[in-house]
Peer 1: 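Quick one: the structure is below, questions incoming.
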Amino acid sequence: SPSINPAASEMQLRNMVSEADQLRSGGKFREAVELLRKATMLDPRNGDLHRELGITFLMFPDWERARVEMLEAVHREPENVDAHSGLAYALEKVGDLDGSLKEYRLCTKMDPHDTSYQDHYVEVLGLLYAEKAQKKH
């Protein structure tokens, strides 16, 4: 197959992401997922596309598929704080509170100026304590 012009494909991917975002905003989650899946086939190593898929699944909501995509996004772009934050949220939703805390702690280290990560951390910590208290009864 002929190689794609990188600049053209970059532009194409950007357009697909913004179209998926519009679909998502309109509540058309399946269509958004379909479009982003096509985009990931064009550029499988693109962590941003997996993060966008993850966001779509978080809104859907499909927590498990969100977790899988966010995990992939983090794997592809370990320096991306948004990917870690998305993963933290997905882990919280699937009930992996320890994993969620670990990710939020990492976000706090990566971006100390954003206090929302600290807030989320404290929130999940509260859930964890409540869960442990319940198990004692």
Side-chain angles (χ1 to χ4, degrees):
S1 66
S3 65
I4 321 170
N5 170 349
S9 64
E10 180 80 16
M11 188 78 167
Q12 187 186 0
L13 290 173
R14 254 205 302 268
N15 289 341
M16 287 169 99
V17 168
S18 80
E19 197 186 325
D21 190 39
Q22 282 173 328
L23 287 166
R24 226 167 29 199
S25 305
K28 296 182 171 158
F29 297 113
R30 285 180 208 286
E31 292 90 335
V33 166
E34 218 167 286
L35 189 59
L36 289 166
R37 285 260 184 255
K38 274 183 199 145
T40 56
M41 280 174 203
L42 290 173
D43 190 359
R45 288 194 294 269
N46 188 323
D48 206 39
L49 297 175
H50 290 285
R51 192 172 60 81
E52 289 292 341
L53 263 172
I55 291 167
T56 311
F57 285 129
L58 286 174
M59 293 167 78
F60 204 70
D62 184 333
W63 307 129
E64 182 47 37
R65 280 161 88 187
R67 184 190 68 82
V68 170
E69 292 301 335
M70 288 303 186
L71 207 54
E72 188 62 28
V74 162
H75 174 64
R76 297 287 173 202
E77 293 178 359
E79 303 306 310
N80 187 323
V81 70
D82 291 329
H84 284 281
S85 157
L87 178 58
Y89 186 67
L91 288 170
E92 177 194 336
K93 291 298 185 186
V94 294
D96 179 358
L97 299 182
D98 285 311
S100 178
L101 283 176
K102 206 176 117 220
E103 287 298 322
Y104 277 133
R105 198 179 303 135
L106 193 58
C107 291
T108 306
K109 276 194 193 130
M110 288 171 85
D111 187 356
H113 299 294
D114 189 334
T115 55
S116 71
Y117 302 131
Q118 203 108 33
D119 296 342
H120 287 303
Y121 180 85
V122 171
E123 211 174 292
V124 176
L125 200 57
L127 293 172
L128 193 64
Y129 277 122
E131 201 178 78
K132 283 184 177 152
Q134 259 176 336
K135 278 180 186 157
K136 281 185 182 142
H137 296 301

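Given the structure is predicted, the values throughout are model-derived calculations rather than measurements. For this chain, numbers begin at 1 and follow the sequence in order. Every heavy atom of this structure was used, including side-chain atoms; hydrogens, water molecules and symmetry mates were not.
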Peer 1: Which one of Glu52, Glu69, Glu31 satisfies the salt bridge (charged side-chain N to carboxylate O under 4.0 Å, His left out) criterion with Arg37?
Peer 2: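 Only one option passes, and that is Glu69.
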
Peer 1: Could you tell me which residues satisfy side chain to side chain donor-acceptor pair (under 3.5 Å) with Ser116, sequence neighbours excluded, listed by chain and number?
Peer 2: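 Applying side chain to side chain donor-acceptor pair (under 3.5 Å) to Ser116 gives Asp114.
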
Peer 1: Please enumerate all residues that pass ring-ring contact (aromatic ring centres under 6.0 Å, His included) together with Tyr89, with sequence neighbours excluded.
Peer 2: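 Scan of Tyr89 (ring-ring contact (aromatic ring centres under 6.0 Å, His included), adjacent residues dropped) gives none.
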
Peer 1: Could you check if a side-chain atom of Glu64 sits within less than 4.5 angstrom of a side-chain atom of Val68, using non-hydrogen atoms only?
Peer 2: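 In short, these two side chains touch, coming nearer than 4.5 Å.
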
Peer 1: What distance separates His120 NE2 from Leu125 CG, expressed to the nearest 0.5 Å?
Peer 2: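 Here the rounded value is 14.5 Å.
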
Peer 1: Please name the pair of heavy atoms, one in Val33 and one in Phe57, separated by the smallest distance, quoted to 0.1 Å.
Peer 2: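 Looking at all heavy atoms of both residues, the shortest contact is CG2-CE2, 3.7 Å.
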
Peer 1: Do Val17 and Met59 land in one hydrophobic cluster if side-chain heavy atoms of ILVMFWY residues count as linked below 4.5 Å?
Peer 2: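 No, Val17 and Met59 fall in different hydrophobic clusters.
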
Peer 1: At what distance, to the nearest 0.5 angstrom, does CG of Leu13 lie from CE of Met11?
Peer 2: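 Here the rounded value is 11.5 Å.
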
Peer 1: Between Trp63 and Ala90, which heavy-atom pair has the shortest distance, and what is it?
Peer 2: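 Of all heavy-atom pairs spanning Trp63 and Ala90, the closest is O-CB, 4.4 Å.
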
Peer 1: Drop me the distance from Gln118's CD to Glu123's CD, to the nearest 0.5 angstrom.
Peer 2: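 It is 13.0 Å, given to the nearest 0.5 Å.
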
Peer 1: Pick one: which of Arg65, Arg51, Arg24 meets side-chain hydrogen bond (donor to acceptor under 3.5 Å, both in side chains) with Thr56?
Peer 2: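 With Thr56 as partner, Arg65, Arg51, Arg24 yield a single side-chain hydrogen bond (donor to acceptor under 3.5 Å, both in side chains), made by Arg24.
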
Peer 1: So if you build clusters from Ile, Leu, Val, Met, Phe, Trp, Tyr with side-chain heavy-atom gaps below 4.5 Å, do Leu87 and Phe60 land together?
Peer 2: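 Looking at the clustering, Phe60 is in the same group as Leu87.
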
Peer 1: If you measure from CG on Leu128 to CD on Glu92, what distance do you get to the nearest 0.5 Å?
Peer 2: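 CD of Glu92 is found 11.0 Å from CG of Leu128.
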
Peer 1: How long is the span from the CG atom in Asp98 to the NZ atom in Lys102, to the nearest 0.5 Å?
Peer 2: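 Between Asp98 CG and Lys102 NZ, I get 10.0 Å after rounding to 0.5 Å.
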
Peer 1: Taking only Lys NZ, Arg NE, NH1 and NH2, and the carboxylate oxygens of Asp or Glu, determine whether Glu34 and Arg30 approach each other closer than 4.0 Å.
Peer 2: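 Result for this pair is no, no salt bridge flagged.
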
Peer 1: Show the nearest heavy-atom pair for residues Met70 and Ile55, with the distance to one decimal.
Peer 2: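 Shortest heavy-atom separation between Met70 and Ile55 comes out as CE-N, 3.5 Å.
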
Peer 1: Would you compute the distance between atom OH of Tyr117 and atom OH of Tyr104 and round it to the nearest 0.5 angstrom?
Peer 2: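 Output value for this atom pair is 9.0 Å.
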
Peer 1: Compare all side-chain heavy atoms of Asn46 with those of Thr40 and state whether any distance is below 4.5 angstrom.
Peer 2: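 Side-chain contact under 4.5 Å: no.
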
Peer 1: What are the two closest non-hydrogen atoms of Ala66 and Leu58, and how far apart are they?
Peer 2: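 Nearest heavy atoms, Ala66 then Leu58: CB-CD2, 3.6 Å.
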
Peer 1: Check Leu97 against Val124 and note the closest heavy-atom contact, atom names and distance.
Peer 2: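 Closest approach of Leu97 to Val124: O-CG1, 3.8 Å.
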
Peer 1: So which atom in Ala32 and which in Ala20 form the shortest heavy-atom distance, rounded to 0.1 Å?
Peer 2: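 Reported closest heavy-atom pair: CB-O, 3.6 Å.
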
Peer 1: Donor-acceptor pairs are to be reported for all side-chain atoms of residues 72-84 against protein atoms at under 3.5 Å, with residues two or more places apart or in another chain.
Peer 2:
from  : atom 1 : to     : atom 2 : distance (Å)
Glu72 : OE2    : Arg76  : NE     : 2.9
Glu72 : OE2    : Arg76  : NH2    : 3.2
Glu77 : OE1    : Asn80  : ND2    : 3.2
Asn80 : OD1    : Asp82  : N      : 2.8
Asn80 : OD1    : Ala83  : N      : 3.1
His84 : ND1    : Glu103 : OE1    : 2.6
His84 : NE2    : Pro78  : O      : 2.8

